[in-house]
2 protein chains.
Amino acid sequence: MKPRHIHRSEDCRAVSEILQRVGDKWTVLVVGKLGKGRMRFSELRTAVGGISQKMLTTTLRGLERDGFVTRTQYPTIPPRVEYELTDLGFELLKPVHALGEWARKNTARVNEARRKFDAACPEGRSGSHF
Amino acid sequence: MKPRHIHRSEDCRAVSEILQRVGDKWTVLVVGKLGKGRMRFSELRTAVGGISQKMLTTTLRGLERDGFVTRTQYPTIPPRVEYELTDLGFELLKPVHALGEWARKNTARVNEARRKFDAACPEGRSGSHF
DNA sequence: CTGGATCCTCACTGATACTG
DNA sequence: CAGTATCAGTGAGGATCCAG
């Protein structure tokens, strides 16, 4: 193993890995909702909106596996399952919120940049097929 | 336009969008490298390592479009193109670095959680398939 | 109500070849 | 050296059906 004094490429990989976990289509939205308190499966599904049952299950599974949420199942009829952020989950929420704040502040700038870019290259380098 | 007084679902979407942009396979790595200074295409390709020329081009295009990097082309032979982070790019780097720091600190915890989870579900809950 | 199993689609990714 | 075009493989995401 490499000594501890350098954290260049390897760290970037780690960052990339975390970002890909957090950066998939639904994870942030789910974690965000759960940040407000424990929720049931259906609650979550409604709250997030637009997520399929499969994706919610998959996402929750991933989060559970990584130790970000806990799954509590009540042996009732009908079944009742609640999900809640762990401490680790809440800690993850902090830097994610920071990024979220950044996103809120700079969405306009990004959109503006996109608009300009798109306006500058309507049929520019990539041969449009359409 | 949208009123900007309340930030609930819409913001989560914005966060998700940013995270997906930043969370793809190469963006963070490229931005991380560029954070150290302007670089040429090939330099970047070598520095990142493992990225195909197509993906590097695609990634850089996306970043350029979103206003995170500038592309400077020198009309020489052979061609020389340099990429550099914009102010917006550098600002994006801050929260991303924060998340990166978090990742560095908590990778062990996540891996531990995964290990436990996987140990608890060696062959899953489903069982047979046919 | 919760969520597993299946099938399907298409966008992302990469290897290769070609241009300027 | 920088970048585009094309083709093909893979897997994430979604719809649906079914079971506990």
Side-chain angles (χ1 to χ4, degrees), chain A residues 16-17 19-30 33-34 38-65 69-84 117 121 123-130, chain B residues 13 16-17 19-30 33-34 38-65 69-84 121 123-130:
Chain A
S16 187
E17 189 181 332
L19 276 167
Q20 280 179 74
R21 170 125 318 313
V22 167
D24 69 20
K25 197 170 180 179
W26 301 109
T27 297
V28 195
L29 302 175
V30 170
K33 295 298 178 184
L34 283 176
R38 48 165 42 193
M39 295 180 80
R40 302 183 51 173
F41 187 86
S42 305
E43 262 183 310
L44 215 37
R45 186 147 146 59
T46 305
V48 171
I51 188 173
S52 67
Q53 164 271 321
K54 175 186 171 181
M55 279 303 105
L56 182 53
T57 300
T58 304
T59 302
L60 286 169
R61 283 297 198 122
L63 288 171
E64 190 190 356
R65 187 171 105 99
V69 307
T70 55
R71 194 182 100 112
T72 311
Q73 179 170 355
Y74 300 92
T76 59
I77 303 288
R80 175 190 183 88
V81 181
E82 291 190 340
Y83 294 90
E84 191 175 15
F117 186 89
C121 299
E123 73 285 340
R125 319 167 184 184
S126 53
S128 331
H129 47 330
F130 165 42
Chain B
R13 301 289 172 178
S16 187
E17 190 180 332
L19 276 166
Q20 280 179 75
R21 172 123 317 321
V22 166
D24 68 19
K25 196 171 181 180
W26 301 109
T27 296
V28 193
L29 302 175
V30 170
K33 295 297 178 187
L34 284 176
R38 48 164 43 192
M39 297 179 79
R40 303 182 52 172
F41 187 86
S42 306
E43 259 182 312
L44 214 38
R45 187 148 147 58
T46 305
V48 172
I51 189 174
S52 68
Q53 134 284 133
K54 175 185 174 181
M55 279 302 106
L56 182 52
T57 300
T58 303
T59 302
L60 285 169
R61 282 292 208 116
L63 289 171
E64 189 191 356
R65 187 171 107 99
V69 307
T70 55
R71 194 184 100 112
T72 312
Q73 180 170 355
Y74 300 92
T76 60
I77 303 288
R80 175 189 185 88
V81 180
E82 290 189 339
Y83 293 90
E84 189 174 18
C121 298
E123 74 282 342
R125 312 168 182 184
S126 50
S128 52
H129 46 338
F130 193 86

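Throughout, a chain's letter reflects where its sequence line sits, starting with A, and its residues are numbered from 1.
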What is the distance, to the nearest angstrom, from the [atom1] atom on [X] to the [atom2] atom on [N]?
X     : N      : atom1 : atom2 : answer
A:R21 : D:dG11 : CZ    : P     : 15 Å
A:M55 : C:dC8  : CE    : C1'   : 13 Å
A:Q20 : D:dA12 : CD    : C1'   : 12 Å
A:R80 : D:dG20 : CZ    : C1'   : 18 Å
B:Q73 : C:dG20 : CD    : P     : 14 Å
A:L56 : C:dC1  : CG    : C1'   : 13 Å
A:L60 : D:dG13 : CG    : P     : 14 Å

Next on the checklist: Taking the nucleotide of DNA chain C with the nearest heavy atom to each, does B:I51 or A:P78 sit closer to the 5' end?
Outcome noted: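 Of the two residues, A:P78 wins.
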Checklist entry - Taking the nucleotide of DNA chain C with the closest heavy atom to each, which residue, A:T57 or A:K54, is nearer the 5' end? => result A:T57
Side-chain touch [X]/[Y], heavy atoms, less than 4.5 angstrom:
X     : Y     : value
B:M55 : B:K25 : no
A:T72 : A:E84 : no
B:E64 : B:T70 : no
A:Y74 : A:E82 : yes

Checklist outcome for this item: By nearest-nucleotide position on DNA chain D, the 5'-leaning member of A:G50 and A:P79 is A:G50
Checklist entry - Reckon B:Y74 touches a base, only the sugar-phosphate, or nothing at all at heavy-atom distances under 4.0 Å? => result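 No contact.
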Checklist entry - What is the nucleic acid contact for B:Q53, judged by heavy atoms within less than 4.0 Å: base, sugar-phosphate only, or nothing? => result base
Next on the checklist: For a quick check under 3.5 Å, do B:Q53 and B:T57 share a side-chain donor-acceptor pair by atom type?
Outcome noted: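 Result is no, nothing qualifies.
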Next on the checklist: Given D:dC1, D:dT4, D:dG20, identify the nucleotide with an atom nearest to the side chain of B:R61.
Outcome noted: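 Selected nucleotide (nearest to the side chain): D:dT4.
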Next on the checklist: From C-beta outward on B:S52, which listed nucleotide comes closest to its side chain: C:dA15, D:dC1, D:dG14?
Outcome noted: C:dA15
